[in-house]
*Asks:* 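One structure is given below, represented as structure tokens, and several questions about it will come after.
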Amino acid sequence: MKFSKPLKTLLLLACSAALLFTGCSSTANTTSGTTQKKPSAEESFDELTHEIFVDYASDNTLTLNYTLKDPSAYGIELEEVTWGEVPLTEEDIADSKAQAQSYLDRLNGITGLTGDRAVTYDVVKYYLESDLESYDYIYHTANLAPMLGFQSQLPITMAEYHFDNVEDVEDYLALLNSLGSYMDSLLEFEAQKAEAGYGMCKSALETSIEDCASFIESPETNLLIEVFPEKLEELNLSDEEKNAYIEKNHDAVLNSVIPAYQAVIDGLTAQLDSAPEKGNLSSYENGREYYKYLLKSSVGTDKTPEELIELTEDKLNGAIFSMAFIMNSNPDIFDAVESAQYALDDPEEIIEHFKATLTAEQMPEAPKADYTLKNVHESLAERLSPAMYFIPRIDDIANNQIYLNLRDSVGNELMPTLAHEGYPGHMYQTTYYYNTNPDPIRTVYESSGYVEGWAAYVESLSYDYCGFEEDVAEFYKMSYSEMTLNLYCRADLGIHYEGWGVKETGDFLCQYLAVDEDTIQEVYDQVLYNPTNYLIYGIGLDEILDMRDAMAENLDDDFDIKDFHKQLLDLGPAPFPILHKYMPDAAPEAIEESGEETAERAVSKAA
């Protein structure tokens, strides 16, 4: 899911691709013959990116529904409703790899691009090379992992399936009714992994089983049954037609979805007796190499694990130094933090507040965007994060959705949470970039480190706008953003790259926090089940902070925070080495400093 492009530009792109196939002709003065004109580098590149994008968007019905409101504008029309194919044979894998190699070969033959195309070229090349490398680690992927696995994400994803017309409703029902066969393919792949020695560890299996059981424990009040009637209100249907669809959905959930989830429960249960106890990536063959691949492909950093270990430890020390500085200036800071109250608690008021303050003061002008706030269904409340932003389709960019998980434990964190998900976080960054009219290919590659790093970065900035005293706001920044995220990042590196168990993880956490055994186990499991997930937030934040610091030092009095943000936002989601290339003043290689020096500068505002 990701960014945007208005219809006018889409049509121009489609027309330019059509011209490449028909060619252009010119008539010589002395003959009646015609000469085929060779496509320019720009035309060849546009054709290639268009082809890759269409290939991605048309891979399966769910992806297409979440990518385009009007697929016909791209000439896309799926012949049948499909979840897509799970590669189960060497031939399937080889065909897929050959396609990626073919795209890369064509890309390598294009030179001389400038402007936005040059940036997009670098992004596409980076991820095509990453895609090819991924085939070395087919069995390392965890499609049914807890929290972020297919079975965990499916309920909320299908609950937000777009109903633009009756055909969408029919496709949705067809997907539900064919879910069983797709789940069977996923289970077959998991069985192949286990046989090859790459099966999920026992505790991960048990947690995924619990996830599935929780989703289907109350069939008649299942999320997909309860939200469906409201979704039909978006269409012009008679009561008779609505009731008929409601009955079909009810039957599909009870007779297809729930049995499919039960099949997952049974399939994963069958692996328990032979499952490994350890789930660290380092415990699997080539697991450390796969971890390095994830750093590049998911986090988008070119730093080695060793460099990231040093970076996170420096950031942790810097955060502690900052907090100690504040405590020295205000011995009552803990009481002040504990008694501090956020200025607002109404979600819509919070979003509008950050629009008018933080966004207006530090960011380029925000494009107009409509949004809807929804509450997470109670059946998913215990399993989902405090909030989620659903990225709009690239031809429907004003339609934004934010889900709130308003449990008691997150009720007092709504302001920073909505800064992260709304303005100036995901919703602002997404709609801003969509309105720059990027090549649709940029929506294919997630650049998660950029996207989540930006959201973590502005969440940190938001504490200055929550109604706190200056030292309280700075303490929140250091403890809740920089310290906590880097703590999780260092634990991730320890668990998956260095092979830490629960004891080593606990010993590390206790250096910084007073935590009990249950908390240690909870942290360990969260990191264990989803390698590098916390790094896309924490390392993403660290990379952006380092870029900001580098530009501030290089430009000195000429540094302008709004200009820094504009450059970063205009480039759009991309791996950090590419951002450094196109923002040379912000390249962190330009400055070298210790964690203590970083902390001194970070707390100078609070001094």
Side-chain angles (χ1 to χ4, degrees), residues 311-327 329-330 332-345 347 350 353-354 357-358 385-387 404-426 452-492 508-515 519 522-523 526-527 533-545 548 595 598-599 602-603 605-606:
L311 172 66
T312 53
E313 290 180 352
D314 281 350
K315 294 290 184 179
L316 280 169
N317 292 334
I320 291 171
F321 183 91
S322 300
M323 293 163 67
F325 185 95
I326 296 170
M327 285 186 282
S329 301
N330 181 1
D332 298 322
I333 187 63
F334 283 107
D335 291 336
V337 169
E338 187 173 346
S339 62
Q341 296 291 318
Y342 286 97
L344 299 169
D345 59 10
I350 292 171
H353 166 73
F354 284 133
T357 55
L358 173 54
S385 56
L404 297 174
N405 192 0
L406 299 179
R407 296 169 293 172
D408 292 341
S409 60
V410 299
N412 64 341
E413 299 172 6
L414 266 181
M415 289 195 76
T417 296
L418 285 171
H420 183 113
E421 303 294 343
Y423 278 77
H426 288 316
E452 294 300 346
W454 171 264
Y457 168 70
V458 298
E459 179 180 339
S460 177
L461 297 181
S462 74
Y463 289 109
D464 288 329
Y465 297 84
C466 289
F468 300 144
E469 293 294 327
E470 187 174 353
D471 56 353
V472 172
E474 193 65 27
F475 199 87
Y476 265 111
K477 283 185 197 178
M478 292 298 112
S479 60
Y480 284 88
S481 291
E482 296 196 30
M483 180 175 174
T484 300
L485 283 177
N486 281 289
L487 203 67
Y488 273 87
C489 289
R490 181 62 185 93
D492 195 301
F508 165 71
L509 293 175
C510 288
Q511 294 177 44
Y512 299 92
L513 301 170
V515 288
T519 301
E522 182 180 353
V523 170
Q526 288 176 351
V527 172
N533 183 52
Y534 284 102
L535 272 69
I536 66 176
Y537 298 86
I539 299 305
L541 168 66
D542 292 343
E543 292 270 15
I544 292 174
L545 287 172
R548 185 189 68 184
T598 303
V603 300
K605 293 176 295 189

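No hydrogens, no waters, no symmetry mates; every other heavy atom, side chains included, goes into these values.
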*Asks:* What's the shortest heavy-atom distance between D492 and V527, and which atoms?
*Replies:* CA-CG1, 3.4 Å
*Asks:* Between CD1 of I326 and CD1 of I333, what distance do you get to the nearest 0.5 Å?
*Replies:*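 Result: 6.0 Å between the selected atoms.
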*Asks:* Would a 4.5 Å heavy-atom cut-off, applied to side chains only, mark M483 and L513 as touching?
*Replies:* yes
*Asks:* When you compare the side chain of V458 with that of H420, does any pair of heavy atoms fall below 4.5 Å?
*Replies:*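 No, their side chains stay 4.5 Å or more apart.
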*Asks:* Taking C489 as the fixed residue, which of L311, T312, I536 is the one that meets the side-chain contact (heavy atoms from CB on, under 4.5 Å) rule?
*Replies:* T312
*Asks:* Kindly indicate, with the supporting measurements, whether the criterion side chain to side chain contact (heavy atoms under 4.5 Å, CB included) is fulfilled by Y457 and R548.
*Replies:* CA-CA 11 Å; Y457 168 70; R548 185 189 68 184; 3.3 Å; yes
*Asks:* Please confirm whether the backbone N or O of V515 pairs with a side-chain atom of T519, one donor and one acceptor, at under 3.5 Å?
*Replies:*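 No; zero donor-acceptor contacts below 3.5 Å.
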*Asks:* How long is the gap from CD on E421 to CD1 on I350, to the nearest 0.5 Å?
*Replies:*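 Going from CD on E421 over to CD1 on I350, the span is 12.5 Å.
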*Asks:* For the side-chain contact (heavy atoms from CB on, under 4.5 Å) test, which of Y488, Y534, F508 pairs with V523?
*Replies:*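 By the side-chain contact (heavy atoms from CB on, under 4.5 Å) criterion, V523 pairs with just one of Y488, Y534, F508: Y488.
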*Asks:* Would you compute the distance between atom CG of L487 and atom CD of E313 and round it to the nearest 0.5 angstrom?
*Replies:* 11.0 Å
*Asks:* Tell me, please, which residues at least two apart from Y463 pass side-chain contact (heavy atoms from CB on, under 4.5 Å).
*Replies:*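 Testing Y463 for side-chain contact (heavy atoms from CB on, under 4.5 Å), a comparison that skips the adjacent residues, returns Y342, P416, E459, F468, A473, Y476, K477, Y480, S481.
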*Asks:* Would you say CD of E338 has more than 12 non-hydrogen atoms from neighbouring residues, nucleotides or ligands within 6.0 angstrom?
*Replies:* no
*Asks:* Mark yes or no for whether H426, through its side chain, and W454, through its backbone, hold a donor-acceptor pair below 3.5 Å.
*Replies:*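 Flag not set: sc H426 to bb W454 has no pair under 3.5 Å.
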*Asks:* If the condition is side-chain contact (heavy atoms from CB on, under 4.5 Å), which residues does E469 pass it with, not counting sequence neighbours?
*Replies:* D471, V472
*Asks:* Identify the heavy atoms of A456 and L485 that sit nearest to each other, and give their distance.
*Replies:* CB-CD1, 4.0 Å
*Asks:* Do the non-hydrogen side-chain atoms of F354 and M415 ever get within less than 4.5 Å of each other?
*Replies:* yes
*Asks:* Could you tell me the separation between the CD atom of Q341 and the SG atom of C466, rounded to the nearest 0.5 Å?
*Replies:* 12.0 Å
*Asks:* Would you check if S479 and M323 make a side-chain contact, meaning some heavy-atom pair closer than 4.5 Å?
*Replies:* yes
*Asks:* Kindly compute the distance separating OG1 (T417) from CG (L404), expressed to the nearest 0.5 Å.
*Replies:* 8.5 Å
*Asks:* Any donor-acceptor pair under 3.5 Å linking the side chain of S329 with the backbone of F325?
*Replies:*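 Here the side-chain-to-backbone pair exists.
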*Asks:* If only atom types and distance count, is the side chain of N486 paired as donor or acceptor with the main-chain N or O of E482 below 3.5 Å?
*Replies:*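 Flag set: sc N486 to bb E482 pair under 3.5 Å.
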*Asks:* To the nearest 0.5 Å, what is the distance between CD1 (I544) and CD (E452)?
*Replies:* 10.5 Å
